[in-house]
Structures are given as structure tokens and as C-alpha cells.
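Here the structure comes first, spelled out in C-alpha cells, and everything after it is commentary.
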Amino acid sequence: MGDPKGFMTTPREDWPRRPVEERVRDWNEVYVPGALLPIINKQADRCMDCGIPFCHEACPLGNLIPEWNDLVSRDDWRAASDRLHATNNFPEFTGRLCPAPCEAGCVLAINQPAVTIKNVECAIADRAWEEGFAPPRPPERLSGRTVAVIGSGPTGLAAAQQLTRAGHTVAVYEKDDRLGGLMRYGIPEFKMEKHHLERRLEQMRAEGTKFRTSTVIGRDIGAAELRARYDAVVIATGATAWRELPVPGRELAGIHQAMEYLPLANRVCEGDLEVSPLSAVGKHVVIVGGGDTGADCLGTTVRERAASVTQLDIYAQPGAERDEDAEPWPTYPKIYRLSAAHEEAGALRTAPAADADARLFAASTLRFTGDADGHVRSLHLVEVDAQRRPVPGTERVLPADLVLLALGFSGPDREDGLIDQLELEMEPRGTIARDAGFATNVPGVFAAGDAARGQSLIVWAIAEGRAVAAAVDRHLTGSSRLPAPIGPYDRPMRV
């Protein structure tokens with residue numbers, strides 16, 4: 001480690017965000033450009049180079065965190081980039097989008113603020129691009145084997161890059177008109193500007209990966225036909241079957257799923273639309289769901305100049321500190337966190353009926369009511385206890401011209417016919433069944449990412465992509481030197 005006493009002498013300092021009044025007027029990333037590098041060396045010095053670095057276990061990618069922290073503290077950015085890319089294909093994505101379970105597992109976090117691992121990772125990735133430390137790595141020779149990857153989210157892209165670099169000829173099929181999956185149309189621009197994605201895609205094209213957009217497997221190309229064309233197929237379509245809210249009034253106009261709303265806002269940023277058909281401008285908005293997708297909707301509605309925005313979370317407000325009995329270190333704790341979107345909503349007072357950050361905790365939706373034209377106008381809610389039972393006498397009514405449902409996803413969407421055409425076996429929870437080698441019941445067909453694991457984090461998605469690539473490489477050649485950071489049954493650390 002660069003400074004043996006760094007964790008005692010240097011306080012934690014995060015990448016500063018731009019002023020709220022400035023950033024809500026545009027769609028650029030919320031952080032102050034260029035403000036990370038001046039502080040990151042000292043922050044890397046806070047890493048204690050632990051004898052047993054639990055941050056390794058907390059991250060499914062197995063990122064070599066103490067190693068690249070030490071290299072950053074010594075200004076050896078090329079070596080830091082090499083160590084970071086040894087375990088992570090897309091650190092500029094995870095450095096912006098991951099909730100950082102590695103920081104929850106940081107040994108320093110036992111009794112102090114954790115090392116800013118996520119910020120260090122992002123700084124290395126950005127510096128690598130600036131300095132040319134991430135050139136394309138095409139294979140020295142081709143294997144003569146072909147692989148189709150269905151889906152261009154983080155799992156599909158990681159699998160494709162690993163298999164391409166191993167010498168296989170890989171084609172990625174994407175149903176949308178642009179590549180990236182939910183990173184393209186689900187993640188708002190203010191969380192990750194899409195030039196980061198475009199840069200990686202260009203790297204992959206230079207390495208030899210082929211991409212086919214606007215192609216729905218099961219409809220535009222039959223699943224059996226695709227299987228016959230390739231030596232192996234990887235299904236990485238994600239978990240896009242959204243959960244519903246079966247309450248009275250759900251049929252009213254103006255009630256939409258978050259993933260109906262967010263892609264349209266992203267298309268405005270892409271230049272496809274001048275204004276989103278579901279724009280929140282001038283509307284009273286209620287977001288049902290307290291997770292990251294709900295926060296993405298919150299930040300988007302704020303930028304669209306909603307009249308008011310309230311976010312409902314069925315869980316009670318968590319405390320500011322870890323509950324050592326229920327969620328001991330090094331597990332990822334459920335604590336009160338203030339995302340950039342919640343900070344914005346709080347500063348702008350978007351939700352007069354809610355607490356300081358626009359969230360109403362321990363709140364459950366009872367029903368919707370509308371006007372004579374069948375459009376939603378109000379949401380009726382009730383407070384609930386820890387068992388989600390309604391608390392008598394707590395019913396309230398919120399104005400609602402636009403309601404966004406952000407309740408998560410249950411598994412892959414089956415409407416395209418891919419699953420049924422291949423006659424894939426499914427798990428009871430709605431995900432694709434697979435064995436210990438990521439293989440489905442159909443020979444030569446593998447499943448990875450949220451489609452098989454269920455809704456998860458971007459680090460798990462990339463880890464799945466790297467692991468399934470090793471499994472496919474072994475299937476095609478009999479052995480593999482590709483890393484496999486996780487198995488299909490591995491799960492995050494929990495009590």
C-alpha cells in the first residue's frame with residue numbers, strides 16, 4: 001500500500017456531484033467533470049492491503065481491488081488498468097452503475113467509511129481510455145467455431161468479448177435498434193452517458209465481434225434455425241418480464257411500467273424523439289417501487305419538469321447504520337442511501353406529501369381512481385407494518401396524472417417465442433433452467449445473466465458473461481483458459 005497510515009489520516013471523499021440546479025437542466029452525468037482525479041490517489045491510499053481482502057468475496061468478479069488501489073496510489077495507471085481489466089471487461093460501466101457490494105465488504109467498513117472502491121475503479125477505466133491502455137485485443141488465430149449470443153446487455157457483451165478473444169467467431173443478436181440492452185434504453189443518460197457504451201462496442205467490433213440489431217430471435221429468425229447455424233448459442237436476453245400491480249383501477253390510462261417510460265426518455269437523448277409521448281412535464285407523478293429503477297424514474301421525471309413526484313417504497317425506512325445482528329459485515333446492508341435522484345427531488349421539494357427525498361416509506365397502493373375519460377387522477381395508499389399489513393386509519397390520497405410501476409422483473413419475456421421454440425426447461429420462478437456448466441436441456445444452448453439467474457446487479461451480469469464464455473469455450477474445444485469467476489448457483493454473501 002502507498003501509505004500505511006492512509007486509512008487513519010485521510011477521510012473518505014467521494015466524487016462530488018454538480019449542483020442540483022445545474023444538473024437537472026441537462027441529461028449529462030451528475031458528477032463534476034475532472035473532479036475525481038485530483039482526489040483519487042489519496043483515496044486509494046486508504047486501502048489497507050488486508051491479509052484477507054473481503055472486497056474480493058463481496059464482488060462476484062473477484063476484482064483485484066487492493067492491487068489496483070496500490071498501483072493508483074503510486075500513479076502507475078497502466079498497470080492498474082491491466083489488473084482491473086484482468087477481471088472486468090467493462091469497468092467504466094460498473095464504476096458508474098454498480099451499488100458497490102465491494103465497499104460493504106471492505107475491512108475498513110467494520111468501523112469506518114469504506115474505501116471509495118467504485119470511484120477508484122471508474123478513475124482507472126476513464127484514464128485507461130484517455131491514455132490508450134485499452135486497445136482492441138483481436139485473437140491471434142481463429143478456432144473455426146461459431147457462437148451466437150442473444151442479447152447485448154452486460155452479460156451478452158461480456159460473453160461475446162471473451163469468446164471472440166478466445167478465437168471463436170461470435171455474432172450478437174439484439175432485438176432493439178441499438179446495442180446495449182438495458183444499459184442503452186433502461187439506464188438514464190445522467191447515470192451513464194452512452195458514449196461510454198459506444199466506445200466499448202467499437203473496441204469489440206475491432207476485435208471481430210459481429211452485431212445484428214433489430215433482430216428478434218423466435219420471430220425474425222426461428223430459434224431452431226439459429227441453433228442450426230451455430231456451434232453454440234448463449235441466451236442472455238435478461239429478465240424483462242415486469243411484475244404487475246393487480247389493484248382496482250390498474251386499467252386506467254396513464255399507468256405505465258417503468259420500462260415503458262424510461263426507454264422513451266432515452267430515445268429523446270438519442271435524438272429519435274423531440275418529446276417523449278409519456279413525458280412527465282406538468283404532471284403529478286407517483287412512482288410505485290423503491291428500488292434503483294424507481295430512482296431512475298424519479299431523476300427522469302425531475303428533468304422533464306413534473307409538477308410533483310412521489311416515490312412509494314413498501315419497506316420501512318432503513319436506518320443510517322448497518323444492523324449488525326440482521327446484516328453483519330461483510331454482507332451488503334439495507335441502509336438509508338441518498339441517490340443523486342433523491343438528492344435532486346429533496347432539494348427541489350418535488351413531493352410536498354412525502355419526506356425530504358420524495359419517498360414515502362412503508363406505503364402500499366390500495367387502488368387508483370380516474371376521471372370520466374378513464375384517465376388516472378389519484379392513487380390511494382395505506383401505511384403498512386413490517387409484515388406489510390395495512391395500518392388502520394392511515395389511508396391517504398395522492399394526486400396522480402402519471403403512475404410508473406417499478407416493481408422489478410420475474411424472468412425472461414416469452415412473447416418472442418424463443419423459449420417455447422427451443423422447448424427450454426424453466427425454473428418454477430420463471431427463469432431458464434441450467435446445469436452446473438450453464439448448459440440448458442438443449443444441447444449446445446447455454447443460458448446466462450438475469451434470464452437464468454433472475455434480476456441482479458451489473459457485476460453479477462458481467463461475471464455470468466465471463467463464466468458462461470468459459471463454459472462454451474470448454475464445450476467447443478474440450479478445455480478452456482478463460483476465467484470463470486462464478487458458478488450458476490453462486491449467490492451474494494448473506495446471513
Side-chain angles (χ1 to χ4, degrees), residues 20-21 23-24 30 188 190-191 242-262 264-265 276 278-318 334 336-371 375-385 388 390-391 393-408:
V20 167
E21 295 76 11
R23 69 187 195 234
V24 297
V30 300
F190 59 82
K191 285 184 70 175
W242 49 60
R243 293 192 177 98
E244 262 297 344
L245 183 64
V247 299
R250 170 62 182 90
E251 74 284 355
L252 291 168
I255 304 173
H256 300 276
Q257 290 284 347
M259 289 312 300
E260 294 176 307
Y261 170 75
L262 290 172
L264 292 170
S276 167
L278 299 182
S279 174
V281 60
K283 297 177 182 177
H284 297 287
V285 182
V286 180
I287 301 162
V288 183
D292 288 341
T293 302
D296 292 344
C297 290
L298 178 63
T300 301
T301 56
V302 166
R303 283 161 176 77
E304 289 181 338
R305 301 294 186 270
S308 71
V309 193
T310 307
Q311 184 181 8
L312 307 185
D313 191 332
I314 199 167
Y315 295 101
Q317 180 172 338
K334 185 176 179 61
Y336 179 79
R337 294 180 173 88
L338 193 67
S339 73
H342 293 119
E343 181 185 49
E344 293 158 5
L348 299 175
R349 299 297 301 156
T350 68
D355 294 326
D357 63 4
R359 282 178 283 193
L360 280 176
F361 290 96
S364 179
T365 304
L366 291 174
R367 62 188 178 277
F368 301 107
T369 52
D371 58 20
H375 196 287
V376 68
R377 292 300 176 213
S378 59
L379 180 149
H380 299 250
L381 63 88
V382 66
E383 293 181 20
V384 293
D385 61 19
R388 302 189 186 182
V391 177
T394 61
E395 184 173 335
R396 299 170 60 182
V397 181
L398 297 179
D401 306 313
L402 174 64
V403 176
L404 302 174
L405 306 180
L407 302 171

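Keep in mind that what you see is a predicted model, and the values were worked out from it rather than measured.
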Exercise. Show your reasoning for whether side-chain contact (heavy atoms from CB on, under 4.5 Å) applies to E344 and V30.
Key: CA-CA 10 Å; E344 293 158 5; V30 300; 3.9 Å; yes
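- Looking at heavy atoms from C-beta onward, S276 lies in side-chain contact with E304 at the 4.5 angstrom threshold.
- Remark: T350 OG1 to R305 CZ distance equals 12.5 Å, nearest 0.5 Å.
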Quiz item: How far apart are the C-alpha atoms of L381 and L312, what are their side-chain angles, what is the distance that settles it, and do they pass the side-chain contact (heavy atoms from CB on, under 4.5 Å) test?
Solution: CA-CA 9 Å; L381 63 88; L312 307 185; 3.9 Å; yes
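- The distance from atom CD1 of I287 to atom CG of L298, rounded to the nearest 0.5 Å, is 4.5 Å.
- By the 4.5 Å heavy-atom criterion applied to side chains, Q311 and H342 are counted as neighbours.
- We find the CD-CG distance between E383 and L360 to be 8.5 Å, quoted to the nearest 0.5 Å.
- Here the OH atom belonging to Y315 is positioned 11.5 Å from the OG atom belonging to S364, to the nearest 0.5 angstrom.
- R349 places no side-chain N or O within donor-acceptor distance of the main-chain N or O of A345, the cut-off being under 3.5 Å.
- Contact of the V384 side chain with the V391 side chain is not registered, since no non-hydrogen atoms from C-beta on lie closer than 4.5 Å.
- Rounded to the nearest 0.5 angstrom, M259 CE and T293 OG1 are separated by 7.5 Å.
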Exercise. Could you walk me through whether C297 and L262 pass the side-chain contact (heavy atoms from CB on, under 4.5 Å) test, one step at a time?
Key: CA-CA 7 Å; C297 290; L262 290 172; 4.0 Å; yes
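- D357 and Y336 share a side-chain donor-acceptor pair at under 3.5 Å.
- The pair R250-E244 counts as a salt bridge, with a side-chain nitrogen and a carboxylate oxygen less than 4.0 angstrom apart.
- For R377 and F368, the positive end is not near the middle of the six-membered ring at less than 6.0 Å and at most 45° from its axis.
- Of the N and O atoms on the side chains of S378 and T369, at least one donor lies less than 3.5 Å from an acceptor on the other residue.
- The shortest side-chain heavy-atom distance between T301 and Y261 falls under the 4.5 Å cut-off.
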Exercise. Applying side-chain contact (heavy atoms from CB on, under 4.5 Å), run through L402 and H284 and close with a yes or a no.
Key: CA-CA 6 Å; L402 174 64; H284 297 287; over 6 Å; no
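- Using a 4.5 Å cut-off on side-chain heavy atoms (C-beta onward), T365 and V403 make no contact.
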